[in-house]
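See structure below.
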Amino acid sequence: MRVTIIYWSGTGNTARMAEAIQQGAAEAGAETKLINLSEGVDEKDLLDADRIALGCPAMGAEELEEEEFRPFFDDAKPVLKTKPVAIFGSYEWNTGEWMIDWAEECTNDGINLIGSLAAYDNPDAEAIEKCIALGKQLAE
Ligand SMILES: Cc1cc2nc3c(=O)[nH]c(=O)nc-3n(C[C@H](O)[C@H](O)[C@H](O)COP(=O)(O)O)c2cc1C
């Protein structure tokens, strides 16, 4: 089982969630790959994954980050539809509406969404535990 975690993070909060998801998946016995989208991602990374976790904080006005994450996500949809996907990210200004919209978009576009997780600001211990649990779920 190969779990690939791809995230965008401006100030590190979503990155910390991504690391905890990786930790959970690895503890459950999966091979893992953690990719910072800003450093580049190959289509092969998507194709090689059995399960994918995508991370992006709330940006714009309850939107996905538009310069890097949104174009990546739109381009990746044909591959994302072929495997189980979880989404996650951090927010601060509102109450997590972007995650509800993002999950709805995934479902409407035919992506098999097996989990979604929003964490307030710099994820606290409870949020990190939830990330670890999501990583374990992805590895099942
Ligand atoms: C340009 C910009 C737009 C943002 N828009 C929202 C928003 O619409 N809703 C929200 O709850 N937080 C918003 N935030 C706050 C971020 O989601 C929050 O700081 C988050 O923890 C950043 O995660 P990161 O450290 O992974 O970049 C915004 C932050 C920035 C810089």
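Count residues from 1 along the sequence. Order of appearance sets the numbers: ligands from 1, and atoms from 1 within every ligand. Since this is a predicted model, take the numbers as computed values, not measurements.
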Do we see a donor-acceptor contact under 3.5 Å between the side chains of Q23 and E19?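 Side chains of Q23 and E19: no pair found under 3.5 Å.
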Using a 4.0 angstrom limit on heavy atoms, which residues are close to ligand 1?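 Under the 4.0 Å cut-off, ligand 1 touches S9, G10, T11, G12, N13, T14, P57, A58, M59, G60, A61, E62, S90, Y91, E92, W93, N94, D121.
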Do the ring centers of W102 and F88 come within less than 6.0 Å of each other?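 No, the ring centres sit 6.0 Å or more apart.
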Stepwise, does the side chain to side chain contact (heavy atoms under 4.5 Å, CB included) test hold for F73 with C106? CA-CA 10 Å; F73 180 55; C106 288; 3.8 Å; yes
Could you list the residues that satisfy side-chain contact (heavy atoms from CB on, under 4.5 Å) with A103, not counting sequence neighbours?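 Listed in chain order: I87, L113.
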Pairs satisfying salt bridge (Lys or Arg N to Asp or Glu O under 4.0 Å), at least one member in residues 1-10, at least two apart: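 For residues 1-10: R2-E31.
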Which residue pairs satisfy the salt bridge (Lys or Arg N to Asp or Glu O under 4.0 Å) criterion with at least one member in residues 74-96, sequence neighbours excluded?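 Salt bridge (Lys or Arg N to Asp or Glu O under 4.0 Å) check on residues 74-96 returns R70-D74, D74-K77, K77-E105, K77-D109.
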